[in-house]
**Q** 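Dropping a structure here in C-alpha coordinates format, bear with me for questions.
We count ligands from 1, going down the list as the structure has it; atoms in each ligand are counted the same way. Predicted, not measured: the structure shown is a model, and the values here were computed from it. Numbers for residues simply follow the sequence, beginning at 1.
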Amino acid sequence: MELPKRSHILGAGFELPRTVVTNDELSAVLDTSDEWIHQRSGIRERRYVDDGEGSSALAERAARKAIAAAGLEPGDIDLLICATLSPDVDFPGNSSFIQQRLGLAGILAFDVRNQCSSFLYMLSVADQYVRTGGARHVLVIGSEVHSSGIEYADRSRHVTVLFGDGAGAVVVGASPDGERGLLTINLHCEGAYADKLCLLGPGSLRKPRLALDWTPADIYGWPQMDGRFVFRHAVKRMGECIEEALAVIGASKDDIRMLLPHQANLRINQLVAMGLRIDDERMANNIERYGNTTAATIPILLAETLDAGRIHDNDLVCLAAFGSGFTWAAALLRW
Ligand code: COA
(Lines give C-alpha, C1' and ligand atoms only; values in the text may rest on other atoms or scores of the structure.)
Protein backbone atom coordinates (compact mmCIF):
# COMPACT_ATOMS: atom_id res chain seq x y z
CA MET A 1 0.00 0.00 0.00
CA GLU A 2 1.34 3.43 -0.91
CA LEU A 3 1.38 5.72 2.11
CA PRO A 4 -0.17 9.20 1.87
CA LYS A 5 2.41 11.92 1.39
CA ARG A 6 0.35 14.44 3.28
CA SER A 7 -2.73 14.63 5.50
CA HIS A 8 -5.50 17.18 5.14
CA ILE A 9 -8.62 18.32 6.95
CA LEU A 10 -11.45 16.74 4.96
CA GLY A 11 -14.37 18.36 6.80
CA ALA A 12 -15.15 20.46 9.86
CA GLY A 13 -18.19 21.03 12.06
CA PHE A 14 -19.13 22.76 15.27
CA GLU A 15 -21.83 22.87 17.90
CA LEU A 16 -22.73 25.67 20.29
CA PRO A 17 -25.32 25.67 23.05
CA ARG A 18 -28.36 27.83 22.32
CA THR A 19 -28.24 29.88 25.52
CA VAL A 20 -26.45 33.19 25.04
CA VAL A 21 -25.00 34.83 28.16
CA THR A 22 -24.18 38.48 27.64
CA ASN A 23 -21.65 40.57 29.54
CA ASP A 24 -24.55 42.42 31.11
CA GLU A 25 -25.98 39.16 32.43
CA LEU A 26 -22.61 38.26 33.98
CA SER A 27 -22.44 41.75 35.48
CA ALA A 28 -25.59 40.91 37.44
CA VAL A 29 -23.71 38.21 39.37
CA LEU A 30 -20.12 39.53 39.28
CA ASP A 31 -18.54 42.91 39.92
CA THR A 32 -17.78 43.52 36.25
CA SER A 33 -19.24 45.36 33.25
CA ASP A 34 -19.79 45.02 29.52
CA GLU A 35 -17.40 47.92 29.02
CA TRP A 36 -14.55 46.31 31.03
CA ILE A 37 -14.94 42.88 29.45
CA HIS A 38 -15.24 44.15 25.89
CA GLN A 39 -12.47 46.68 26.15
CA ARG A 40 -9.98 44.20 27.73
CA SER A 41 -10.88 41.04 25.81
CA GLY A 42 -13.18 41.80 22.84
CA ILE A 43 -15.88 39.50 24.28
CA ARG A 44 -19.56 40.52 24.18
CA GLU A 45 -21.23 37.21 24.93
CA ARG A 46 -20.66 33.48 25.28
CA ARG A 47 -22.80 30.32 25.21
CA TYR A 48 -23.66 28.11 28.19
CA VAL A 49 -25.17 24.61 28.10
CA ASP A 50 -28.34 23.72 29.95
CA ASP A 51 -27.85 21.99 33.28
CA GLY A 52 -27.03 18.33 32.85
CA GLU A 53 -25.37 18.65 29.45
CA GLY A 54 -21.71 17.65 29.35
CA SER A 55 -18.90 18.18 26.88
CA SER A 56 -19.31 14.74 25.28
CA ALA A 57 -22.85 15.63 24.14
CA LEU A 58 -21.59 18.78 22.39
CA ALA A 59 -18.69 16.77 20.98
CA GLU A 60 -21.01 14.19 19.44
CA ARG A 61 -23.04 16.83 17.60
CA ALA A 62 -19.94 18.66 16.32
CA ALA A 63 -18.42 15.33 15.25
CA ARG A 64 -21.49 14.26 13.27
CA LYS A 65 -21.39 17.57 11.37
CA ALA A 66 -17.65 17.23 10.64
CA ILE A 67 -18.12 13.66 9.38
CA ALA A 68 -20.97 14.79 7.10
CA ALA A 69 -18.93 17.77 5.86
CA ALA A 70 -16.18 15.31 4.88
CA GLY A 71 -18.76 13.30 2.90
CA LEU A 72 -18.34 10.32 5.22
CA GLU A 73 -20.38 8.17 7.59
CA PRO A 74 -19.47 7.57 11.24
CA GLY A 75 -18.49 4.01 10.29
CA ASP A 76 -15.69 5.41 8.10
CA ILE A 77 -13.85 6.71 11.18
CA ASP A 78 -11.10 4.42 12.42
CA LEU A 79 -9.50 6.62 15.09
CA LEU A 80 -11.05 9.13 17.50
CA ILE A 81 -8.93 11.69 19.35
CA CYS A 82 -10.54 14.21 21.64
CA ALA A 83 -9.49 16.93 24.04
CA THR A 84 -11.20 18.80 26.82
CA LEU A 85 -10.33 20.26 30.18
CA SER A 86 -13.97 19.88 31.15
CA PRO A 87 -14.68 16.15 30.70
CA ASP A 88 -18.07 14.70 31.60
CA VAL A 89 -16.44 12.98 34.59
CA ASP A 90 -12.95 12.94 36.13
CA PHE A 91 -12.19 9.58 34.54
CA PRO A 92 -12.48 7.86 32.11
CA GLY A 93 -11.71 10.44 29.46
CA ASN A 94 -14.34 11.78 27.10
CA SER A 95 -13.09 9.59 24.25
CA SER A 96 -14.92 6.60 25.75
CA PHE A 97 -18.20 8.49 25.97
CA ILE A 98 -17.92 10.03 22.51
CA GLN A 99 -17.02 6.69 20.94
CA GLN A 100 -20.13 5.21 22.53
CA ARG A 101 -22.35 8.12 21.46
CA LEU A 102 -21.21 7.82 17.86
CA GLY A 103 -21.74 4.05 17.82
CA LEU A 104 -18.09 3.42 17.06
CA ALA A 105 -17.49 0.54 19.46
CA GLY A 106 -14.14 -1.10 18.84
CA ILE A 107 -12.28 1.77 17.21
CA LEU A 108 -9.20 3.22 18.86
CA ALA A 109 -10.11 6.28 20.92
CA PHE A 110 -8.05 8.40 23.31
CA ASP A 111 -7.80 11.80 24.99
CA VAL A 112 -5.11 14.45 24.62
CA ARG A 113 -4.61 17.00 27.41
CA ASN A 114 -2.98 20.17 26.19
CA GLN A 115 -5.64 22.74 27.03
CA CYS A 116 -5.91 25.60 24.52
CA SER A 117 -3.23 24.08 22.27
CA SER A 118 -4.95 20.69 22.23
CA PHE A 119 -6.38 20.95 18.75
CA LEU A 120 -2.97 21.43 17.17
CA TYR A 121 -1.43 18.66 19.26
CA MET A 122 -4.26 16.35 18.12
CA LEU A 123 -3.80 17.44 14.51
CA SER A 124 -0.15 16.47 14.73
CA VAL A 125 -1.05 13.01 16.09
CA ALA A 126 -3.73 12.54 13.42
CA ASP A 127 -1.21 13.54 10.75
CA GLN A 128 1.24 10.90 11.98
CA TYR A 129 -1.40 8.17 11.95
CA VAL A 130 -2.58 9.06 8.46
CA ARG A 131 0.89 9.34 6.94
CA THR A 132 2.11 6.09 8.48
CA GLY A 133 -0.99 4.16 7.43
CA GLY A 134 -2.22 3.66 11.01
CA ALA A 135 -5.60 5.23 10.27
CA ARG A 136 -7.53 6.40 7.21
CA HIS A 137 -10.00 8.82 8.76
CA VAL A 138 -9.20 10.38 12.10
CA LEU A 139 -11.93 12.23 13.97
CA VAL A 140 -10.38 15.07 16.00
CA ILE A 141 -12.67 16.80 18.51
CA GLY A 142 -12.30 19.61 21.01
CA SER A 143 -15.24 20.25 23.33
CA GLU A 144 -15.70 22.21 26.50
CA VAL A 145 -18.34 22.92 29.09
CA HIS A 146 -16.64 25.64 31.09
CA SER A 147 -19.83 27.08 32.53
CA SER A 148 -20.02 24.43 35.26
CA GLY A 149 -16.30 24.73 36.15
CA ILE A 150 -15.78 28.46 36.64
CA GLU A 151 -16.36 30.38 39.81
CA TYR A 152 -19.12 33.01 39.89
CA ALA A 153 -17.38 35.08 42.55
CA ASP A 154 -15.49 38.35 42.31
CA ARG A 155 -12.08 36.86 43.11
CA SER A 156 -12.39 34.85 39.86
CA ARG A 157 -13.98 37.53 37.69
CA HIS A 158 -10.85 37.92 35.50
CA VAL A 159 -11.19 34.22 34.58
CA THR A 160 -14.93 33.67 34.58
CA VAL A 161 -15.80 36.38 32.05
CA LEU A 162 -13.44 34.90 29.45
CA PHE A 163 -14.79 31.38 29.01
CA GLY A 164 -17.70 29.79 27.14
CA ASP A 165 -19.00 26.37 26.10
CA GLY A 166 -18.79 24.77 22.64
CA ALA A 167 -17.39 21.99 20.51
CA GLY A 168 -15.58 21.75 17.19
CA ALA A 169 -14.44 18.75 15.18
CA VAL A 170 -12.60 17.85 12.00
CA VAL A 171 -11.91 14.70 10.04
CA VAL A 172 -8.29 14.23 9.00
CA GLY A 173 -7.42 11.91 6.12
CA ALA A 174 -5.09 11.60 3.16
CA SER A 175 -4.70 14.74 1.07
CA PRO A 176 -6.88 14.26 -2.04
CA ASP A 177 -4.05 15.28 -4.38
CA GLY A 178 -1.01 14.67 -2.17
CA GLU A 179 -0.04 18.34 -2.41
CA ARG A 180 -2.63 20.25 -0.43
CA GLY A 181 -2.98 19.73 3.31
CA LEU A 182 -0.80 20.01 6.39
CA LEU A 183 2.62 21.40 5.46
CA THR A 184 4.11 21.81 8.92
CA ILE A 185 3.09 21.87 12.54
CA ASN A 186 5.28 23.18 15.36
CA LEU A 187 4.48 22.25 18.95
CA HIS A 188 5.98 23.64 22.15
CA CYS A 189 5.66 23.22 25.91
CA GLU A 190 7.28 25.16 28.74
CA GLY A 191 6.40 23.59 32.09
CA ALA A 192 8.13 26.31 34.11
CA TYR A 193 4.95 28.38 33.92
CA ALA A 194 2.42 25.64 34.64
CA ASP A 195 1.22 27.50 37.72
CA LYS A 196 0.34 30.66 35.79
CA LEU A 197 -2.89 29.17 34.48
CA CYS A 198 -4.11 26.06 36.21
CA LEU A 199 -6.75 24.20 38.17
CA LEU A 200 -5.20 22.41 41.16
CA GLY A 201 -8.06 20.10 41.98
CA PRO A 202 -8.99 17.33 41.57
CA GLY A 203 -5.38 16.18 41.64
CA SER A 204 -3.33 13.53 43.41
CA LEU A 205 -1.37 16.14 45.38
CA ARG A 206 -4.49 17.05 47.30
CA LYS A 207 -6.45 14.94 49.74
CA PRO A 208 -9.38 14.71 49.48
CA ARG A 209 -9.12 14.78 45.69
CA LEU A 210 -12.72 14.96 44.71
CA ALA A 211 -14.81 18.08 44.32
CA LEU A 212 -17.56 16.50 46.39
CA ASP A 213 -15.42 17.11 49.47
CA TRP A 214 -14.58 20.72 48.75
CA THR A 215 -16.28 23.73 50.16
CA PRO A 216 -17.04 26.57 47.74
CA ALA A 217 -14.35 28.63 49.49
CA ASP A 218 -11.54 26.32 48.32
CA ILE A 219 -9.72 28.20 45.59
CA TYR A 220 -8.08 24.99 44.38
CA GLY A 221 -11.46 23.93 43.03
CA TRP A 222 -11.45 26.82 40.55
CA PRO A 223 -9.16 27.88 37.70
CA GLN A 224 -6.43 30.35 38.62
CA MET A 225 -4.65 32.67 36.22
CA ASP A 226 -2.01 35.37 36.23
CA GLY A 227 -3.68 37.22 33.36
CA ARG A 228 -0.98 39.75 32.55
CA PHE A 229 1.76 37.12 32.55
CA VAL A 230 -0.27 34.82 30.30
CA PHE A 231 -1.12 37.71 27.97
CA ARG A 232 2.53 38.72 27.43
CA HIS A 233 3.69 35.17 26.78
CA ALA A 234 0.78 34.43 24.44
CA VAL A 235 1.62 37.38 22.20
CA LYS A 236 5.32 36.55 22.11
CA ARG A 237 5.06 32.79 21.68
CA MET A 238 2.31 32.73 19.05
CA GLY A 239 4.16 35.26 16.91
CA GLU A 240 7.47 33.39 17.25
CA CYS A 241 5.91 30.04 16.50
CA ILE A 242 4.17 31.25 13.34
CA GLU A 243 7.45 32.69 12.07
CA GLU A 244 9.17 29.40 12.88
CA ALA A 245 6.54 27.46 10.89
CA LEU A 246 6.88 29.84 7.94
CA ALA A 247 10.65 29.31 7.95
CA VAL A 248 10.19 25.52 7.84
CA ILE A 249 8.28 25.74 4.55
CA GLY A 250 10.26 28.69 3.18
CA ALA A 251 7.25 31.05 3.11
CA SER A 252 6.87 34.64 4.28
CA LYS A 253 4.31 36.42 6.46
CA ASP A 254 2.75 37.88 3.32
CA ASP A 255 1.99 34.38 2.04
CA ILE A 256 -0.52 33.72 4.84
CA ARG A 257 -4.01 34.12 3.35
CA MET A 258 -5.94 33.35 6.53
CA LEU A 259 -4.78 33.37 10.15
CA LEU A 260 -7.01 31.47 12.57
CA PRO A 261 -5.64 32.14 16.04
CA HIS A 262 -6.84 30.69 19.31
CA GLN A 263 -9.51 32.92 20.85
CA ALA A 264 -8.37 33.79 24.38
CA ASN A 265 -8.35 37.55 24.02
CA LEU A 266 -8.94 39.65 20.90
CA ARG A 267 -6.20 42.02 22.04
CA ILE A 268 -3.67 39.15 22.00
CA ASN A 269 -4.66 38.30 18.44
CA GLN A 270 -4.52 41.91 17.28
CA LEU A 271 -0.95 42.22 18.61
CA VAL A 272 0.10 38.93 16.99
CA ALA A 273 -1.44 40.04 13.68
CA MET A 274 0.22 43.43 13.90
CA GLY A 275 3.62 41.76 14.33
CA LEU A 276 2.96 39.69 11.21
CA ARG A 277 1.47 42.64 9.27
CA ILE A 278 -1.78 40.70 8.83
CA ASP A 279 -4.90 42.85 8.42
CA ASP A 280 -8.48 42.00 9.41
CA GLU A 281 -9.19 40.65 5.91
CA ARG A 282 -6.64 37.89 6.49
CA MET A 283 -7.63 36.95 10.04
CA ALA A 284 -10.74 35.36 11.54
CA ASN A 285 -11.96 35.95 15.10
CA ASN A 286 -15.18 34.92 16.81
CA ILE A 287 -14.32 35.58 20.45
CA GLU A 288 -16.83 38.44 20.54
CA ARG A 289 -19.66 35.86 20.34
CA TYR A 290 -18.25 32.78 22.06
CA GLY A 291 -15.44 33.75 24.45
CA ASN A 292 -12.64 31.24 24.94
CA THR A 293 -13.78 27.66 24.32
CA THR A 294 -10.27 26.21 24.88
CA ALA A 295 -9.81 22.92 22.97
CA ALA A 296 -12.89 23.66 20.87
CA THR A 297 -11.84 27.11 19.72
CA ILE A 298 -9.79 26.43 16.61
CA PRO A 299 -12.07 23.79 15.08
CA ILE A 300 -15.11 26.02 15.72
CA LEU A 301 -13.34 28.98 14.11
CA LEU A 302 -12.14 26.86 11.19
CA ALA A 303 -15.60 25.43 10.52
CA GLU A 304 -17.20 28.88 10.69
CA THR A 305 -14.58 30.42 8.42
CA LEU A 306 -15.02 27.63 5.88
CA ASP A 307 -18.81 28.01 6.04
CA ALA A 308 -18.41 31.75 5.45
CA GLY A 309 -16.45 31.02 2.25
CA ARG A 310 -13.40 32.89 3.51
CA ILE A 311 -10.97 30.06 2.74
CA HIS A 312 -10.28 29.27 -0.92
CA ASP A 313 -8.42 26.53 -2.75
CA ASN A 314 -4.65 26.89 -2.47
CA ASP A 315 -4.84 29.46 0.35
CA LEU A 316 -2.07 29.18 2.91
CA VAL A 317 -3.95 28.86 6.20
CA CYS A 318 -2.24 29.36 9.54
CA LEU A 319 -3.64 27.93 12.79
CA ALA A 320 -1.99 29.10 16.01
CA ALA A 321 -2.62 28.54 19.70
CA PHE A 322 -1.30 29.31 23.16
CA GLY A 323 -2.50 28.03 26.49
CA SER A 324 -2.01 26.55 29.91
CA GLY A 325 1.13 24.48 30.36
CA PHE A 326 2.41 26.72 28.88
CA THR A 327 1.82 25.04 25.54
CA TRP A 328 1.75 26.69 22.15
CA ALA A 329 1.73 25.66 18.51
CA ALA A 330 1.34 26.78 14.92
CA ALA A 331 0.32 24.85 11.81
CA LEU A 332 0.40 25.79 8.14
CA LEU A 333 -1.96 24.13 5.67
CA ARG A 334 -2.27 24.56 1.94
CA TRP A 335 -6.04 24.48 1.41
N1 COA B 1 -14.27 43.13 35.56
C2 COA B 1 -13.87 44.30 36.07
N3 COA B 1 -12.65 44.50 36.57
C4 COA B 1 -11.80 43.45 36.54
C5 COA B 1 -12.16 42.20 36.01
C6 COA B 1 -13.47 42.06 35.51
N7 COA B 1 -13.92 40.91 34.97
N8 COA B 1 -11.11 41.37 36.11
C9 COA B 1 -10.11 42.05 36.68
N10 COA B 1 -10.53 43.31 36.93
C11 COA B 1 -9.78 44.42 37.53
C12 COA B 1 -8.62 43.94 38.38
O13 COA B 1 -9.07 43.64 39.69
C14 COA B 1 -7.71 45.13 38.36
O15 COA B 1 -8.20 46.11 39.24
P16 COA B 1 -7.18 47.06 40.07
O17 COA B 1 -6.44 47.83 39.03
O18 COA B 1 -8.10 47.87 40.88
O19 COA B 1 -6.30 46.13 40.84
C20 COA B 1 -7.91 45.68 36.94
O21 COA B 1 -9.17 45.17 36.49
C22 COA B 1 -6.82 45.24 35.99
O23 COA B 1 -6.64 43.85 36.16
P24 COA B 1 -5.65 43.02 35.25
O25 COA B 1 -5.76 41.57 35.61
O26 COA B 1 -4.30 43.64 35.33
O27 COA B 1 -6.30 43.30 33.82
P28 COA B 1 -5.76 43.02 32.39
O29 COA B 1 -5.73 44.25 31.61
O30 COA B 1 -4.51 42.20 32.42
O31 COA B 1 -6.91 42.10 31.77
C32 COA B 1 -7.33 39.80 31.32
C33 COA B 1 -7.24 40.89 32.38
C34 COA B 1 -7.61 38.50 32.03
C35 COA B 1 -8.46 40.13 30.36
C36 COA B 1 -6.00 39.72 30.53
O37 COA B 1 -4.90 39.74 31.43
C38 COA B 1 -5.89 38.51 29.68
O39 COA B 1 -6.68 38.29 28.77
N40 COA B 1 -4.88 37.66 29.88
C41 COA B 1 -4.64 36.51 29.07
C42 COA B 1 -5.73 35.50 29.31
C43 COA B 1 -5.58 34.28 28.48
O44 COA B 1 -5.08 34.35 27.39
N45 COA B 1 -6.06 33.18 29.06
C46 COA B 1 -6.20 31.94 28.43
C47 COA B 1 -5.01 31.47 27.72
S48 COA B 1 -5.53 30.10 26.86
**Q** Please state which protein non-hydrogen atom is closest to atom 7 (N) of ligand 1 and give its distance, to 0.1 Å?
**A** Thr32 OG1, 3.1 Å
**Q** Between Asp177 and Arg180, does any NZ, NE, NH1 or NH2 come within less than 4.0 Å of an OD or OE carboxylate oxygen?
**A** yes
**Q** Would you please say whether a donor-acceptor pair under 3.5 Å links the side chains of Glu240 and His188?
**A** no
**Q** Quick one: does atom 19 (O) of ligand 1 have a protein heavy atom under 4.0 Å from it?
**A** no
**Q** Just heavy atoms, cut-off under 4.0 Å: does Ile268 contact ligand 1 by side chain, backbone, both, or neither?
**A** side chain
**Q** So, do Phe322 and His262 have ring centers that fall under 6.0 Å from each other?
**A** no
**Q** For ligand 1, is there an N or O atom under 3.5 Å from any N or O atom of Arg157?
**A** yes
**Q** Would you mind running through ligand 1 and noting each atom that sits below 4.0 Å from a heavy atom of Asn292?
**A** 46 (C), 48 (S)
**Q** Side chains of His8 and Arg334: does their closest heavy-atom pair fall under 4.5 Å?
**A** no
**Q** Quiz question: by atom type and distance under 3.5 Å, do the side chains of Glu144 and Thr293 form a donor-acceptor pair?
**A** no
**Q** When you compare the side chains of Ser55 and Asn94, does any donor N or O come within less than 3.5 Å of an acceptor on the partner?
**A** yes
**Q** Is there a polar contact between ligand 1 and Asn265, counting only N or O atoms under 3.5 Å apart?
**A** yes
**Q** Are Tyr290 and Glu304 close enough that a side-chain donor and a side-chain acceptor fall under 3.5 Å?
**A** yes
**Q** Enumerate the atoms of ligand 1 whose separation from the nearest heavy atom of Val161 is less than 4.0 angstrom.
**A** 7 (N)
**Q** For atom 45 (N) of ligand 1, find the nearest protein heavy atom and state the residue, atom name and distance (0.1 Å precision).
**A** Met225 SD, 3.4 Å
**Q** Quick one: does Arg267 get a heavy atom under 4.0 Å from ligand 1?
**A** no
**Q** Identify, by atom number and element, the atoms of ligand 1 in contact range of His158, meaning under 4.0 Å from any of its heavy atoms.
**A** 8 (N), 9 (C), 34 (C)
**Q** For Asn285 and Gln263, does a side-chain donor sit closer than 3.5 Å to a side-chain acceptor?
**A** yes
**Q** Which of the atoms in ligand 1, numbered in the order shown and given with their element, are less than 4.0 Å from a heavy-atom of Cys116?
**A** 48 (S)
**Q** Based purely on interatomic distance, does Arg228 place a nitrogen or oxygen under 3.5 Å from a nitrogen or oxygen of ligand 1?
**A** yes
**Q** Is there any N or O on Val230 that sits under 3.5 Å from an N or O of ligand 1?
**A** no
**Q** Find all atoms of ligand 1 within a distance of less than 4.0 Å from any non-hydrogen atom belonging to Gly323, and give their numbers and elements.
**A** 48 (S)
**Q** Give me the nearest non-hydrogen protein atom to atom 41 (C) of ligand 1 as residue plus atom name, then the distance to 0.1 Å.
**A** Gly227 O, 3.5 Å
**Q** State, without any angle test, whether Ser96 and Gln99 hold a side-chain donor-acceptor pair at a distance under 3.5 Å.
**A** no
**Q** Check the side chains of Asn114 and Thr327 for a donor-acceptor pair under 3.5 angstrom, ignoring hydrogens and angles.
**A** no
**Q** In the complex you have, is atom 30 (O) of ligand 1 within reach of the protein, judged by whether a heavy-atom distance drops under 4.0 Å?
**A** yes
**Q** Within the structure, does Arg40 bring an N/O atom to less than 3.5 angstrom of an N/O atom in ligand 1?
**A** yes
**Q** Between the side chains of Arg46 and Asn23, is a donor N or O closer than 3.5 angstrom to an acceptor N or O?
**A** yes
**Q** Which of the numbered atoms in ligand 1 are below 4.0 angstrom from a heavy atom of His262?
**A** 48 (S)
**Q** Check this for me: does any side-chain nitrogen of one of Glu15 and Arg64 sit under 4.0 Å from a carboxylate oxygen of the other?
**A** no
**Q** To which protein heavy atom is atom 21 (O) of ligand 1 closest, and what is the distance rounded to 0.1 Å?
**A** Trp36 NE1, 3.3 Å
**Q** Using a 4.0 Å cutoff against the non-hydrogen atoms of Leu197, which atoms of ligand 1 qualify?
**A** 46 (C), 47 (C)
**Q** Give the atom numbers and elements of ligand 1 that come within less than 4.0 Å of a heavy atom of Phe322.
**A** 48 (S)
**Q** Strictly by modelled atom types, are Asn265 and Ser41 linked by a side-chain donor-acceptor pair under 3.5 Å?
**A** no
